[in-house]
Every structure is written in structure tokens, then in C-alpha cells.
Amino acid sequence: MTTELWTSVDHYFAGKILHGDEALEQALVANTAAGLPAIDVSPLQGKLLHLLVRMNRARRVLEVGTLGGYSAIWLASALPGDGQLVTLELEPHHAEVARLNVARAGLAARVDIRVGPALGSLDALIAAGGEPFDLVFIDADKPSNPDYFTRALALTHPGSVIVVDNVVRGGRVADAASTDAAVVGVRRLHDLIASEARVTATAIQTVGTKGHDGFTIALVTG
Ligand code: SAH
Ligand code: DHB
Ligand code: MG
């Protein structure tokens, strides 16, 4: 089995049950034109994020790692009119591209893009003591996953959902001897989840246009 086959299956499902969305497609074109890496979630994965927001009736969503705003559009378009997405991005250029993409999608009023190292933005959110988030999507630098997850716990409530992208690393997550910083970060995240009484979680491997990948999905229980 190959990424080629997985891609054709992704195209089958996407062609069948995703309705082409002009703003989402334009965002990918704009990202490429602006030189951003094509590491956005896939369309079917974006729809999963969208459905998780709706299934959880989330009103406040937090994203770590905006890139060009492709996943942000999937998340924000699932929110009610008074909902809000706060999304954190290190690179000013990425954030600027995202701002334009989100505006083109008609979602500017619902999306708050904060530029800077996510750890600093998360600590500022914690210090500000605002309303908790109902769903958090962690998708930035993988070595910082444990730090982001700890902050996410401080910013959520029982019933909130925390989703972490790219936890499989092409299967290398199972290699306890790996010295790859991303693999080490993902493994430390799962050590943390294993020892954290306030969450219950699963991890789902995915195949598709992004190869062999996966999500960890945690429910905050206490
Ligand atoms: N969620 C996006 C993809 C994010 S790619 C989507 O699916 O459309 C990862 C992003 O995290 C990149 O834009 C990168 O610049 C950003 N990033 C990396 N390190 C970061 C940090 N320390 N703080 C905030 N963002 C960071
Ligand atoms: C990478 C980052 C991602 O968030 C992703 O979904 C795929 C790849 C990367 O840094 O290579
Ligand atoms: Mg990702």
C-alpha cells in the first residue's frame, strides 16, 4: 500500500462527500503563491475538525499553529455566530497570509490571530483568565507538544476536547530509541497523557494524502 493509493481513496471520499468550498480552495492557492509549506491538514481531516467543533457544540476554539489559516477556516466555519477562534502563529508572514485567507472566507470577525511564540501567547491567555476553550487543536512545532498540552489543560474545562495533529511520524512514534526531536516530543506528550488523571484519550492512525499520520484526541474529564 502506498500514499498513491491512499491519495486516490482520499480523492474519492472528498469528491463524494465534501462540497467544494471556494474559500478553502483559494486559501491553498494563496498559501502556495506566498511560499508557505503545504503541510495544512487534508480536506477530509479539516472536515473532521469542523465536525468535532459542531458535535461538541464548541463556542470557543483555540488553535496552536495557524500556517495560512486552512484548518482555521474549517474550525471557524463550524462555530455559531457568537463563537470565537483564537489561533497562534510564530511567523508574521504566515499570519498575514492567514489573515487574508480568513477574511476572504468571511470569517474575520470570528478569528483572532495572535503572532509570536505560542508558549508566550498561551501563558498570556492563562494570565488573562478569560473564558475557557471548548476545543483545542495543537498543530505547531512538535517538540513543544507536552508544553502546549499542559497549557491547553489550563485553558479548558471538563468536557473540552484537545486534538493533537501529526502524532504518528510515519510510524516512527513507536521507536523508543528515536532521537528525532519531533518523535521525542510526541512520545513525551503521550507519557504526559498516560500520567494525567484529568484526561482520557485515544490515538488514531490515518492514511491519505499526507501519508501515514494520525491524531490524538483527548477529552478533559476533570
Ligand atoms: N494548522 C495548520 C498547519 C500548521 S503548520 C493547518 O492545518 O492549516 C505549523 C505552524 O506552526 C507553522 O505555521 C509554524 O510557523 C507554526 N509554528 C512553529 N513553531 C511555532 C511556535 N513556537 N509558536 C507558534 N507557532 C509555531
Ligand atoms: C509538518 C507539520 C505539520 O503540522 C503537518 O501536518 C505535517 C508536516 C512538518 O513540520 O513537516
Ligand atoms: Mg499538522
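Order of listing sets the numbers, starting from 1, for every ligand and every atom in it.
Of the possible donor and acceptor atoms, one in the side chain of Asp10 sits under 3.5 Å from a partner among the backbone N and O of Thr209. Asn101 contributes a side-chain N or O that, together with a main-chain N or O of Gly68, makes up a donor-acceptor pair within less than 3.5 Å. Judged by distance alone, with hydrogens and angles left aside, the side-chain atoms of Lys210 form a donor-acceptor pair with the main-chain N or O of Asp40 at under 3.5 Å. The backbone N or O of Arg198 sits less than 3.5 Å from a side-chain atom of Thr221, completing a donor-acceptor pair.
Every atom of ligand 1 is numbered from 1 in the order shown, and the set under 4.0 Å from a heavy atom of Pro117 is 23 (N). For ligand 1, the atoms sitting less than 4.0 Å from at least one non-hydrogen atom of Glu63 are 1 (N), numbered in the order shown with element in parentheses. Atoms of ligand 1 found under 4.0 Å from any heavy atom of Leu67, numbered from 1 in the order shown, are 2 (C), 3 (C), 4 (C), 5 (S), 13 (O). Within ligand 2, the atoms closer than 4.0 Å to a non-hydrogen atom of Asp165 are 6 (O), numbered from 1 in the order shown. The atoms of ligand 1 that sit less than 4.0 Å from any heavy atom of His94 are 12 (C), 13 (O), 15 (O). Of all atoms in ligand 1, numbered sequentially from 1 with element shown, those under 4.0 Å from a heavy atom of Glu91 are 15 (O).
Residue Ile217 holds its CD1 atom at 12.0 Å from OG1 of Thr200, rounded to the nearest 0.5 Å. The CD1 atom of Ile204 sits 13.0 Å away from the CG atom of Asp213 when rounded to the nearest 0.5 Å. Here the CD atom belonging to Glu25 is positioned 8.0 Å from the OH atom belonging to Tyr70, to the nearest 0.5 angstrom.
Contact annotation for Leu36 and ligand 1: no heavy atom of the residue comes within less than 4.0 Å of the ligand. Of all the heavy atoms of Asp40, none lies under 4.0 Å from any atom of ligand 2, so neither backbone nor side chain is involved.
For the pairing with Leu122, the side-chain contact (heavy atoms from CB on, under 4.5 Å) check across Asp147, Leu155, Val136 returns one residue only, Leu155.
Between Phe137 and ligand 1, no pair of N/O atoms sits closer than 3.5 Å. Of the polar atoms of Asp139, at least one N or O is found under 3.5 Å from an N or O of ligand 1, judged by distance alone. Close N/O approach between Lys142 and ligand 2 is found [any backbone or side-chain N/O within under 3.5 Å].
Ranking the protein heavy atoms by distance from atom 23 (N) of ligand 1 puts Ala118 N, 2.8 Å first. Protein heavy atom nearest atom 7 (O) of ligand 1, with residue, atom name and distance: Val41 N, 2.8 Å. In terms of protein heavy-atom proximity, atom 25 (N) of ligand 1 is nearest to Leu90 N, 3.1 Å. In terms of protein heavy-atom proximity, atom 15 (O) of ligand 1 is nearest to Glu89 OE2, 2.6 Å. Ranking protein heavy atoms by distance to atom 3 (C) of ligand 2, first place goes to Asn166 OD1, 3.1 Å. Among all protein heavy atoms, the one lying closest to atom 5 (S) of ligand 1 is Ile39 CD1, 3.6 Å. Among all non-hydrogen protein atoms, the one lying nearest atom 2 (C) of ligand 1 is Ser71 OG, 3.3 Å. Considering only non-hydrogen protein atoms, atom 6 (O) of ligand 2 sits nearest to Lys210 NZ, 2.4 Å. Summary of contacts: the protein heavy atom closest to atom 20 (C) of ligand 1 is Asp141 OD1, 3.4 Å.
One finds no salt bridge joining Arg169 and Asp180 here, because no Lys/Arg side-chain nitrogen approaches an Asp/Glu carboxylate oxygen to under 4.0 Å.
Note on Asp165: counted as a metal contact of the Mg ion (ligand 3), an N/O/S atom lying under 2.8 Å. Under 2.8 Å from the Mg ion (ligand 3) lies an N/O/S atom of Asn166, whether from backbone or side chain. Residue side and main chain included, Asp40 places no N/O/S atom under 2.8 Å of the Mg ion (ligand 3).
Using modelled atom types and a 3.5 Å distance limit, the side chains of His11 and Ser8 yield no donor-acceptor pair. Side chain to side chain, His157 and Asp134 meet the donor-acceptor criterion of an N or O pair below 3.5 Å.
For the side chain to side chain contact (heavy atoms under 4.5 Å, CB included) test, no residue two or more places apart in sequence or in another chain qualifies with Asp191. Every side chain to side chain contact (heavy atoms under 4.5 Å, CB included) that Ala95 has, sequence neighbours left out, goes to Glu89, Arg99, Ile113, Val115.
When the heavy atoms of Asp139, Ile39, Asp141 are ranked by distance to atom 9 (C) of ligand 2, first place goes to Ile39.
Assignment of Gln45 to the shell around ligand 1 is not supported, since no heavy atom sits closer than 4.0 Å. For the ligand labelled ligand 1, residue Tyr148 lies inside the 4.0 Å heavy-atom shell. Residue-ligand proximity: Gly116 is placed with a non-hydrogen atom under 4.0 Å from ligand 1.
Take the N/O/S atoms of Asp139: the one nearest the Mg ion (ligand 3) is OD1.
Using a 30° and 60° split on the angle between ring planes, His50 and Trp74 fall in the perpendicular class, above 60°.
Heavy-atom minimum distance, Thr216 versus Ala201: CG2-CB, 4.5 Å. Ala118 approaches Val64 most closely through the heavy-atom pair CB-CG1, 3.6 Å.
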